[in-house]
Chemist: 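Dropping the structure in here first, questions after.
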Amino acid sequence: MSSSSANSPKRTIAMVAHDRMKPILLEWADENQEQLKEFRIVATGTTGRLLAENLPEHDITAFKSGPLGGDLQIGALISNDELDALFFLVDPMTPQPHDVDVKALIRISTLYETPVACNRTTADFILRGITEEGYQKRPAHPMIEEYVTRTV
């Protein structure tokens, strides 16, 4: 995706947070609310609802809860090159029953060169980078074309 101009549609970012990380994501989003106005925000269930309540002037869409398919909805955006960055604050201390979905989301983000932030520090760097003038997301990894055109 290319950087947006004044008359083009907003670029899209996704926000996801495990339960214990939701307050941290909300605090980070509040601190960065001016920069976040540049983006359409999609989020998994409860995270999206909380973001909409805390940032009522922002363009926020809540998908299904992560374990109920919200992670997959975000993955679909990534694989269709419709997502500029993923902010996924992961709880490193609590086992997640849908850990395979989390790993799949990180894998598809890697394949499609979608920046992923798993903590506030990385989120700061990614947000700063994607709001810079002239930023352009890299194209998907060439191995995708190799895979599509392989012979079996």
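Being a predicted model, the structure only gives us computed values, none of them experimental. Only heavy atoms go into these numbers, but all of them, side chains included; no hydrogens, no water, no symmetry mates.
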Chemist: Only counting residues at least two apart or in another chain, list the ones meeting salt bridge (charged side-chain N to carboxylate O under 4.0 Å, His left out) with Arg20.
Modeler: Asp91
Chemist: So, for Asp81 and Lys137, which heavy atoms are closest and what is the spacing to 0.1 Å?
Modeler: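 Scanning both residues completely, I find the closest heavy atoms to be OD1-NZ, 3.2 Å.
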Chemist: Quick one: closest heavy-atom pair of Ile78 and Ile108, and the distance?
Modeler: CG2-O, 3.6 Å
Chemist: Do side-chain atoms of Lys22 reach the backbone of Ala17 as a donor and acceptor pair under 3.5 angstrom?
Modeler: yes
Chemist: When you measure from the side chain of Thr122 to the backbone of Cys118, do you find a donor-acceptor pair of N or O atoms at a distance under 3.5 Å?
Modeler: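 Answer holds: no.
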Chemist: Any sub-3.5 Å donor-acceptor pair from Thr131's side-chain atoms to Leu127's backbone N or O?
Modeler: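 Pair found, side chain donor or acceptor close to backbone of Leu127.
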Chemist: Tell me whether Met143 is reachable from Val148 by hopping between hydrophobic residues (I, L, V, M, F, W, Y) whose side-chain heavy atoms are closer than 4.5 Å.
Modeler: yes
Chemist: Please examine the side chains of Val102 and His18, heavy atoms only from C-beta on, and report whether any two atoms are closer than 4.5 Å.
Modeler: yes
Chemist: If you look at every heavy atom in Ile24 and Arg120, which pair is closest and at what distance?
Modeler: CG2-CD, 3.3 Å
Chemist: Quick one: does Gln73's side chain get under 4.5 Å of Val42's, heavy atoms only?
Modeler: no
Chemist: I'd like to know if the side chain of Asp30 reaches the main chain of Leu26, judged simply by a donor and an acceptor atom lying under 3.5 Å from each other, with no hydrogens or angles considered.
Modeler: no
Chemist: Write down the atom of Ser79, the atom of Ala76, and the distance for their closest heavy-atom approach.
Modeler: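 Heavy atoms of Ser79 and Ala76 come nearest at OG-O, 3.1 Å.
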Chemist: Taking ring-ring contact (aromatic ring centres under 6.0 Å, His included) as the cut-off, I'd like each qualifying pair that reaches into residues 19-43, sequence neighbours left out, listed once.
Modeler: Trp28-Phe87
Chemist: Tell me whether Leu72 shares a hydrophobic cluster with Leu105, the cluster being built from Ile, Leu, Val, Met, Phe, Trp, Tyr side chains joined at under 4.5 Å.
Modeler: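 They do not share one cluster, since no chain of ILVMFWY contacts under 4.5 Å joins Leu72 to Leu105.
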Chemist: Could you walk me through whether Glu113 and His141 pass side-chain contact (heavy atoms from CB on, under 4.5 Å), step by step?
Modeler: CA-CA 7 Å; Glu113 294 287 344; His141 198 283; 4.2 Å; yes
Chemist: Does any part of the side chain of Lys10, heavy atoms only, come nearer than 4.5 Å to the side chain of Glu38, both counted from C-beta?
Modeler: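 Not in contact.
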Chemist: Would you check, one step at a time, whether the test side-chain contact (heavy atoms from CB on, under 4.5 Å) holds for Asp84 with Thr114?
Modeler: CA-CA 6 Å; Asp84 288 280; Thr114 302; over 6 Å; no
Chemist: Evaluate the side-chain proximity of Val16 to Leu89: yes if any heavy-atom separation is below 4.5 Å, no if none is.
Modeler: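 In short, these two side chains do not touch, never coming nearer than 4.5 Å.
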Chemist: Who passes salt bridge (charged side-chain N to carboxylate O under 4.0 Å, His left out) against Glu34, sequence neighbours left out?
Modeler: Lys37
Chemist: Donor-acceptor pairs are to be reported for all side-chain atoms of residues 53-65 against protein atoms at under 3.5 Å, with residues two or more places apart or in another chain.
Modeler:
unit_1, atom_1, unit_2, atom_2, d
Glu53, OE2, Arg49, NH1, 3.1
Asn54, ND2, Leu50, O, 2.7
His58, NE2, Gln33, O, 2.8

Chemist: Using the side chain to side chain contact (heavy atoms under 4.5 Å, CB included) criterion, which residues pair with Arg107? Sequence neighbours excluded.
Modeler: Leu111
Chemist: Do Ile13 and Ile130 have side chains that approach each other closer than 4.5 Å (heavy atoms only, starting at C-beta)?
Modeler: yes
Chemist: With a 4.5 Å limit on heavy-atom distance, are the side chains of Glu82 and Thr12 in contact?
Modeler: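 They are not in contact (no side-chain heavy atoms under 4.5 Å apart), so the answer is no.
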Chemist: Test of understanding: with side chain to side chain contact (heavy atoms under 4.5 Å, CB included), list the residues that count as partners of Ala140, not counting sequence neighbours.
Modeler: Tyr112, Ile144
Chemist: Counting N and O atoms only, with roles assigned by atom type, does the side chain of Asn32 sit under 3.5 Å from a partner on the main chain of Gln35, one being a donor and the other an acceptor?
Modeler: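 Side chain of Asn32 to backbone of Gln35, a donor-acceptor pair under 3.5 Å: no, none is there.
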Chemist: For the CG atom of Asp19 and the OG1 atom of Thr47, what is their distance to the nearest 0.5 Å?
Modeler: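 If I round to the nearest 0.5 Å, the distance is 7.5 Å.
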Chemist: Do you know the tightest heavy-atom contact between Met15 and Leu51?
Modeler: SD-CD1, 3.7 Å
Chemist: Within the side chain of Arg128, is there an N or O that forms a donor-acceptor pair under 3.5 Å with the backbone of Phe125?
Modeler: no
Chemist: Locate the shortest heavy-atom distance separating Ile126 from Pro115; write the atom from each residue and the value.
Modeler: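 Shortest heavy-atom contact: CD1-CB, 3.8 Å.
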